[in-house]
Amino acid sequence: MNSATPLGDGTRAVRAGLPAPVKYEPTLPGPVFAAHFHLPGEPTGPYTYGRDSNPTWTLLERAIGELEAPGEPVETVAFASGMAAISGVLFSQLRTGDAVVLPSDGYQALPLLAERLRAWGVEVRTAPTGGDAQLSALAGARLLWIESPSNPGLDVCDIRRLVAAAHAEGALVAVDNTLATPLGQRPLELGADFSVASDTKGTTGHGDLLLGHVTCRDTARAAEVRNWRKVAGAIPGPMEAWLAHRSLATVQLRIDRQCANALALARALAGRPEVSGLRYPGLADDPSYPLATRQMRRYGGVVSFVLPGQDRAERFLEALRLVDDATSFGGVRSSAERRGRWGGDAVPEGFIRFSAGVEDPEDLVADVLRALNETAGTAGTGA
Ligand SMILES: *Cc1c(COP(=O)(O)O)cnc(C)c1O
């Protein structure tokens with residue numbers, strides 16, 4: 001795989017993490033279900049106990065590493081979920097008395113994490129993603145946590161600029177890359193110390209498993225994160241790890257189609273009178289577009305917009321036929337939800353987060369426009 005010209009994402013994806021071929025063995029070996037491994041004598045070697053290591057994780061971790069940083073020696077640690085991966089970085093890197101800078105508009109569980117960190121004596125500062133506002137909170141910080149594009153507001157910050165400022169302060173930088181996936185953005189190339197993601201979303205893309213990962217260049221830091229996984233026991237199941245690896249083969253097909261569908265949808269919504277606050281980093285007049293174009297390789301499959309009020313938003317979601325009313329994003333089937341139903345995110349009542357799936361774009365756009373038309377004008381429910 002060390003050809004002179006770098007391979008394309010699709011080519012890399014179908015072979016990522018595969019072991020050298022062995023006669024009569026499958027290309028991608030099946031999941032290894034083992035709590036412990038045969039271990040006579042000294043307990044050395046790669047596989048000892050199932051909470052420390054597992055061959056199915058090893059292959060998946062190699063595969064993700066090849067997508068995060070092609071051709072580079074990086075280390076990846078797979079976790080049971082995105083939150084387990086996020087906790088793995090925060091709790092392995094921060095000590096009592098440290099300061100951490102989180103985004104104020106990031107994933108909705110970050111405030112819960114902030115509570116835990118404060119209880120451990122960590123100073124938690126927050127600032128919005130947009131306008132690189134986290135720059136103003138960096139003085140003396142130990143770790144900067146970036147989420148770009150942010151979920152669900154889809155703001156983008158200048159990762160290279162924030163990394164330079166954070167490193168000048170002696171702070172480490174982690175990027176939550178969930179929305180972009182490794183195909184949409186490579187945080188390590190942009191200078192970050194940790195690329196972290198929930199692989200529950202677009203990276204695995206079928207909405208049938210939870211998983212997360214941390215990738216970094218520094219082997220000592222990777223060991224700290226791996227040690228946290230062992231201590232917390234936040235380990236992926238072999239079945240999930242194997243399903244994730246299998247799903248990676250199609251990641252470029254899925255992400256490219258999701259991005260194309262999101263753009264088609266955003267363009268169609270841009271002309272609608274009842275739609276306000278439309279955001280998609282790939283729309284040329286979106287505030288995130290210039291920065292996203294500089295630092296991202298794909299714009300992602302999530303579009304957000306606001307309908308006039310909770311009632312209209314709910315009726316719209318109900319009228320959709322090809323789109324599931326469900327939380328999460330990045331799956332092969334389009335989904336959308338009224339984000340305000342959760343509380344927590346600072347969004348208007350009619351705010352819709354729309355995750356474009358891999359349907360045919362004409363069908364998806366037609367379904368959305370039909371649902372908008374059918375729910376126009378009629379106040380109240382029962383439509
Ligand atoms: C979903 C999500 C997470 C959490 O991932 P889980 O796999 O649900 O634990 C973290 N960050 C972002 C941006 C997410 O969208």
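Predicted, not measured: the structure shown is a model, and the values here were computed from it. Both ligands and their constituent atoms are indexed starting at 1 by order of listing.
Through side-chain heavy atoms spaced under 4.5 Å, either directly or across other Ile, Leu, Val, Met, Phe, Trp or Tyr residues, L154 is tied to L179, V302, F329.
Side-chain polar atoms of R339 and N151 form no donor-acceptor pair below 3.5 angstrom.
For Y299 and Y289, the ring centers are positioned less than 6.0 Å apart.
The OG atom of S288 lies 9.5 Å from the CD atom of Q295; values are rounded to the nearest 0.5 Å.
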What are the polar N/O contacts of ligand 1 with the protein below 3.5 Å, with distances?
residue: ligand 1; atom: 5 (O); partner: S198; partner atom: OG; Å: 3.0
residue: ligand 1; atom: 7 (O); partner: G82; partner atom: N; Å: 2.8
residue: ligand 1; atom: 7 (O); partner: S198; partner atom: OG; Å: 2.8
residue: ligand 1; atom: 7 (O); partner: T200; partner atom: OG1; Å: 2.6
residue: ligand 1; atom: 9 (O); partner: G82; partner atom: N; Å: 3.1
residue: ligand 1; atom: 9 (O); partner: M83; partner atom: N; Å: 2.8
residue: ligand 1; atom: 11 (N); partner: D176; partner atom: OD2; Å: 2.7
residue: ligand 1; atom: 15 (O); partner: N151; partner atom: ND2; Å: 3.2
residue: ligand 1; atom: 15 (O); partner: K201; partner atom: NZ; Å: 2.7

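With sequence neighbours excluded, the residues satisfying side chain to side chain contact (heavy atoms under 4.5 Å, CB included) with D193 are H167, L172, V173.
Applying the salt bridge (charged side-chain N to carboxylate O under 4.0 Å, His left out) definition to pairs two or more places apart or across chains, those involving residues 114-124 are E123-R125.
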